[in-house]
Structures are given as structure tokens and as C-alpha cells.
Amino acid sequence: MDPRLELADLARQTRDYLRYMASLGVARLPRVDPPADARPEPVPDALNATPIDAPTPAPAAGTETLEDIRADLGDCRRCPLAAGRAHIVFGEGHPRAGLMFVGEGPGRDEDMQGRPFVGRAGALLTDIIVKGIQMPREDCYIANVVKCRPPENRDPLPDEAAACLPFLRRQIAAVRPRVIVALGRVAAQYLLDTQAPLAKLRHRFHDFQGIPLMPTYHPAYVLRNPTVGRRGTWEDIKLVIDRLNRD
Ligand code: URA
């Protein structure tokens with residue numbers, strides 16, 4: 001990975017983690033000193049800059065479990081979407097899935113059941129996974145940009161996404177999928193931090209923290225526009241299957 005991208009990723013993870021800690025009411029983080037034998041030679045006092053408390057880095061990939069993340073999320077009230085939800089839709093699937101799907105947010109059925117993609121769009125996604133990719137749905141991991149239903153199924157607002165994305169990033173780090181599929185413009189734009197239209201993003205892999213990410217059409221769009229949507233989604237999914245079959 002390009003070291004500049006790596007650094008940008010690290011900065012973003014750190015910022016998300018600090019925001020998350022702040023949302024828990026933690027105003028100051030303890031300084032973490034390295035073990036004594038790893039300490040460099042002391043610097044003469046005159047050369048010492050004012051010490052800055054080092055932020056605790058974001059959890060490294062794979063160091064926390066999905067259960068840890070769910071426990072941290074708790075009965076989340078970090079954004080106004082909490083007020084209108086019936087259930088938090090955390091995400092579901094194999095904790096070590098090779099393939100992860102990310103949608104934009106729960107709809108009515110998902111809000112009622114507390115599970116992602118269980119309505120009509122979910123039935124189509126299940127078909128894509130089971131019949132197209134030929135994988136049991138339970139072998140994937142499925143999550144959303146926001147975990148609570150936006151009113152009238154509108155797009156999540158930037159503040160809502162900002163409150164929720166740190167949890168999704170931590171879920172991705174915990175699962176460490178080999179490929180991520182972003183379902184629709186909203187998921188693709190928030191995950192890739194871009195305003196580019198889906199037409200410019202789909203049908204090629206992007207980098208998400210070292211993981212190849214394929215943006216494709218949202219299944220709800222495919223239901224509304226079957227001709228364009230089905231063909232395009234299949235073109236994208238074939239690239240995903242090729243990637244998963246590569247060593
Ligand atoms: N649409 C989404 O983006 N996510 C769901 O979970 C269901 C529908």
C-alpha cells in the first residue's frame with residue numbers, strides 16, 4: 001500500500017477512535033509509555049520539546065471481536081436516528097467472512113427484525129449471494145453504513161454516518177474480509193470518502209484500508225431498474241468472484 005495512503009488511513013482511524021472515545025465522555029487519554037527496554041536514549045533537557053500526550057491508536061485489525069464492538073455500541077444514542085428506531089441493526093454473518101456487503105441503512109423490515117437486508121432488497125441480495133456467487137448467505141458478513149433506520153428511508157445524513165462509521169470500520173477490521181462490496185452510491189461514497197457518482201466508482205476495485213472494495217448497484221435500485229441493474233450488478237459481481245477465487 002502507498003505509504004501516504006497508509007498514513008491517511010491511520011490518521012482517519014485515530015480520528016474516528018478519538019471521536020468515539022469523546023462520545024463516551026472520555027476527554028483525555030492516558031499516555032502509553034513503551035516498555036523500558038524499547039525506550040530511546042534520553043534527550044538532553046534543552047532539546048526536549050513540550051511533551052504531547054500520545055493518542056491511543058485505534059484497535060489494530062483483528063484485535064477485538066464483533067461481540068466487543070456490539071457491547072461498545074450498547075443502546076446507542078449517539079445520533080438522532082436512535083429516537084425513531086425499533087431495533088439497532090448491527091450486522092450479521094460469519095465473523096471471519098471472506099466477503100462482506102455494506103448497504104446504506106436499515107429499512108422498515110430490517111428495523112422491525114433487527115437484521116440487515118431481510119426485506120425485498122434483501123431477498124434479491126440473498127439471491128445474488130446464493131445463486132450468483134454460490135455461497136451460503138451465512139458465510140458472508142452483511143452490515144450497513146448506519147445501524148438505525150433513517151426516517152422515510154432517506155439517505156443517512158453526514159452527522160449520522162459520522163457517528164456510526166467508526167463501528168462499521170471496527171467491524172470490518174474484526175472480520176478482515178478479503179473483499180468488500182459496497183451496495184449503492186451511499187455506501188460507496190461514505191466508505192471511500194468521495195462524492196464521485198456511482199457510475200464512476202462501480203465495476204472496479206478501490207482500496208479500503210488494504211481491502212479491495214467493489215462498489216455496485218444497491219439491490220433496491222436493481223428492483224426498480226431491472227434491465228440496467230441486473231446486468232451491471234452481475235458484471236461487478238463476476239469481478240468479485242474472480243478476486244475471491246484468486247490465491
Ligand atoms: N437497504 C439497505 O441499505 N440496508 C438494509 O439492511 C436493507 C435495505
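Only heavy atoms go into these numbers, but all of them, side chains included; no hydrogens, no water, no symmetry mates. Numbering of ligands and ligand atoms starts at 1, following listing order.
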Q: Using a cut-off of 6.0 Å, state whether more than 12 heavy atoms not belonging to R230 lie near its atom CZ.
A: no
Tested for side-chain hydrogen bond (donor to acceptor under 3.5 Å, both in side chains) against Y141, the lone hit among Q171, E92, R96 is Q171
Would you say that P136 contacts V130 through its side chain, given a criterion of any heavy-atom pair below 4.5 Å between the two side chains?
no
Min over H218, R120, E104 of heavy-atom distance to atom 1 (N) of ligand 1 lands on H218
Closest to atom 8 (C) of ligand 1 among protein heavy atoms sits F117 CE2, 3.8 Å
A student checking ligand 1 against G103 at a 4.0 Å heavy-atom cut-off should list atoms 3 (O)
T126 and R137: side-chain donor and acceptor closer than 3.5 Å?
-> yes
Ranked by distance from atom 4 (N) of ligand 1, the top protein heavy atom is N144 OD1, 2.8 Å
Q.
Could you check, using the six-membered ring where one of them is a Trp, whether H218 and F117 have ring centers closer than 6.0 angstrom?
A. yes
Nearest non-hydrogen contact to atom 5 (C) of ligand 1 from the set G119, A187, G105, P156 belongs to G105
